[in-house]
Amino acid sequence: MPWPAAPDLLAPLAPWFGRVRRDLPWRATDLDAPHPDPYAVLVSELMLQQTQVATVVPYFNRWLARFPTPQALAEADEDTVHKAWEGLGYYRRARFLKAAAVSVAAEGWPGDLEGLAQLPGLGPYTAAAVGAIAFQWPAPALDGNAFRVLARLLLIEGDPKIRAADLRTWLAPALEAHGPSRLTQAIMELGATVCAPTPACGACPLADACAARQAERTGEIPPAGKRAKPKESAIWLVAMEAEGYLLLHAPATSGLLAGLWRWPTIEASELASQTPAPGLVPMLAWPGWTQVYTHRREAVSPLHLRLGTRFQAAEGLRWIPAADLSALPLGQRDQRLRDLLATPGQTPLEAPDPAALIRACATLLG
DNA sequence: AACTCGTGGGG
DNA sequence: TCCCCAAGAGT
């Protein structure tokens, strides 16, 4: 790898970061010392996986107020943990973080990078980031920002992740020279604010040294990733209400929205075929919306059905007192129906005779 | 080694 | 509207 020496090439990043660095709630004042609260670094890094800084900040602040130490988090029950993560997405991160806190509370912090990487939810990037930012270990942390910055700086053709091992070897001496915490955060800050997918080279401290800029190829380096087409589906999202209770699915242990409570769903085609009077269905529904996930697009038709009495719910379904609903962790889709139920003036039209529809849903759900 | 896992912001 | 991407990890 005929790359210029990293300590020299990256030297401008240190004074640049000292000037422009954002004041983030998990960021230490003294970047030359070990971080005063490694737990804060761990929380921030789990929250920041595939999630932008601006989104994380309010969650981070609430999280540390609610769970100030690994011990406090280790003792929290799963619904409480998921409630604090509600809306942030990728919910298994919350379970990984709690499991990591259990380990730290019981055995203390690992003493090396391999130990960090064994904590649940910490892969190659996050283990190195916590090692560098919390403990000042010279561990190269390569995230999407770092790969983009270094691919352009060094004019790496193709997917830079293929060169991860070379890049770590190349970067390590620069971490020693400029400080692991400082340089790690400076590279990512540059990628997030200047060397973004659409770069602002005029503001870049590395512009003079950047090989991609000299070649006028920043627009094509790194190449865009390939993405699979999202799967399409259409569902009814069903709020059944009886005797002041609402019917919810208890949290699943795996799959989409695992760990969260969910409204029962019925595949749209299924309900249409089973309802004796399909023409009644739209009259009981609110206008729907499209729920977007990374690999799915879901046409959601919200449905509110009032029953006179509860029925024996199927396995995994629970009748929840309506007053308790706000304490349960829900995903964005299910929060939206919860909000519809609680909003006056949003009541859908009543069907002339919804009994057939209710029987159909009860058959499908219980 | 593809595939899965949420949600929000920006062009 | 659509596509890309975001301080990725686990399977």
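Just so it is clear: chains get the letters A, B, ... in the order the sequence lines come, proteins before strands, and each one is counted from 1.
- Heavy atoms of A/Ala129 sit nowhere under 4.0 angstrom from any nucleic acid atom.
- Taking the centre of each ring, A/Trp26 and A/Phe60 come in below the 6.0 Å mark.
- Between A/Ala228 and A/Gln335, it is A/Ala228 whose nearest contact on DNA chain B lies nearer the 5' terminus.
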- Item | Trace of the ring pair (Phe, Tyr, Trp, His ring centres under 6.0 Å) decision for A/Tyr59 with A/Trp63 | CA-CA 6 Å; A/Tyr59 282 90; A/Trp63 190 277; 9.0 Å; no

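- A cation-pi arrangement is present between A/Arg310 and A/Tyr245, with the terminal nitrogen or guanidinium carbon under 6.0 Å from the aromatic centre and inside a 45° cone about the axis.
- Taking atom CG of A/Asp159 as the reference point, atom C1' of C/dG8 lies 14 Å away to the nearest angstrom.
- Using a 4.0 Å heavy-atom criterion, one finds that A/Val53 contacts the bases of the nucleic acid, with or without backbone contacts as well.
- At a threshold of 4.0 angstrom between heavy atoms, the contacts of A/Arg262 with the nucleic acid are absent.
- Taking atom C1' in both C/dA7 and B/dC3, one finds a spacing of 22 Å when rounded to whole Å.
- Take the nearest nucleotide of DNA chain C for A/Arg297 and for A/Arg148: the residue whose nucleotide is more 5' is A/Arg297.
- Between B/dT7 and C/dT11, the two C1' atoms lie 22 Å apart (nearest whole Å).
- Dashed line: the shortest gap from a side-chain N or O of A/Arg296 to OP1 or OP2 of B/dC5 is under 4.0 Å.
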For residues 173-181 of chain A, which side-chain donor-acceptor pairs fall under 3.5 Å, sequence neighbours excluded?
residue, atom, partner, partner atom, Å
A/His178, NE2, A/Pro7, O, 2.8
A/Ser181, OG, A/Gln185, NE2, 2.9

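- Applying the 3.5 Å distance criterion, the base of B/dG6 shares a donor-acceptor pair with the side chain of A/Thr51.
- Rounded to whole Å, atom P of B/dT7 lies 15 Å from atom NE2 of A/His295.
- When the P atom of C/dA7 is taken as reference, atom CG of A/Leu190 falls 12 Å away, rounded to whole Å.
- OP1 or OP2 of B/dT7 sits under 4.0 Å from a side-chain N or O of A/Tyr91.
- Distance A/Met47 CE to B/dT7 C1': 14 Å, rounded to the nearest Å.
- Residue A/Trp263 holds its CH2 atom at 12.0 Å from CG of A/Leu317, rounded to the nearest 0.5 Å.
- Using a 4.0 Å heavy-atom cutoff across all strands shown, A/Gln291 reaches sugar-phosphate atoms only and no base atom.
- One atom, CD of A/Gln50, and another, P of C/dA6, lie 8 Å apart when rounded to the nearest Å.
- Residue-level contact check: A/Leu24 touches the bases, meaning some heavy atom is under 4.0 Å from a base atom.
- The interatomic distance linking A/Glu298 (CD) with B/dG6 (P) rounds to 12 Å, in whole Å.
- Between the side chain of A/Thr55 and the base of B/dG8, no donor-acceptor pair of N or O atoms lies under 3.5 Å.
- Among C/dA7, C/dA6, B/dT4, the nucleotide with an atom closest to any side-chain atom of A/Met188 is C/dA7.
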Distances under 3.5 Å between nitrogen or oxygen atoms of protein and nucleotides 9-11 of chain C:
residue, atom, partner, partner atom, Å
C/dA9, OP1, A/Gly123, N, 2.9
C/dA9, OP1, A/Gly123, O, 3.3
C/dA9, OP1, A/Tyr125, N, 3.4
C/dA9, OP1, A/Thr126, N, 2.8
C/dA9, OP1, A/Thr126, OG1, 2.8
C/dA9, OP2, A/Tyr125, N, 3.4
C/dA9, N3, A/Arg92, NH2, 2.5
C/dG10, OP1, A/Gly121, N, 2.9
C/dG10, O4', A/Arg92, NH1, 3.1

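- Within the 4.0 angstrom heavy-atom criterion, only backbone atoms of the sugar-phosphate kind lie near A/Ala192; the bases stay farther away.
- The existence of a salt bridge linking A/Asp339 and A/Arg336 is excluded, since no basic side-chain nitrogen approaches an acidic carboxylate oxygen closer than 4.0 Å.
- Distances shown here put every side-chain N or O of A/Lys226 at or beyond 4.0 Å from the OP1 or OP2 atom of C/dC4.
- Less than 6.0 angstrom separates the ring centroid of A/Trp109 from the ring centroid of A/Phe135.
- Residue A/Gly191 is out of contact with every strand shown, counting any heavy-atom pair closer than 4.0 Å.
- When atom types are taken as modelled, the side chain of A/Gln136 and the backbone of A/Leu31 share a donor-acceptor pair closer than 3.5 angstrom.
- Residue contacts for A/Arg27: at a heavy-atom cut-off of 4.0 Å it reaches a base atom on one of the strands shown.
- Whole-Å rounding puts the A/Gln332 CD to B/dG6 P distance at 13 Å.
- Salt-bridge formation is not detected for the pair A/Glu189/A/Arg21: no Lys NZ or Arg NE/NH1/NH2 atom is positioned less than 4.0 Å from an Asp or Glu carboxylate oxygen.
- Nearer to the 5' terminus of DNA chain B, by closest-nucleotide assignment, is the contact made by A/Leu257 (compared with the other of A/Gln52 and A/Leu257).
- Distance, A/Lys161 NZ to B/dA2 P: 14 Å, rounded to whole Å.
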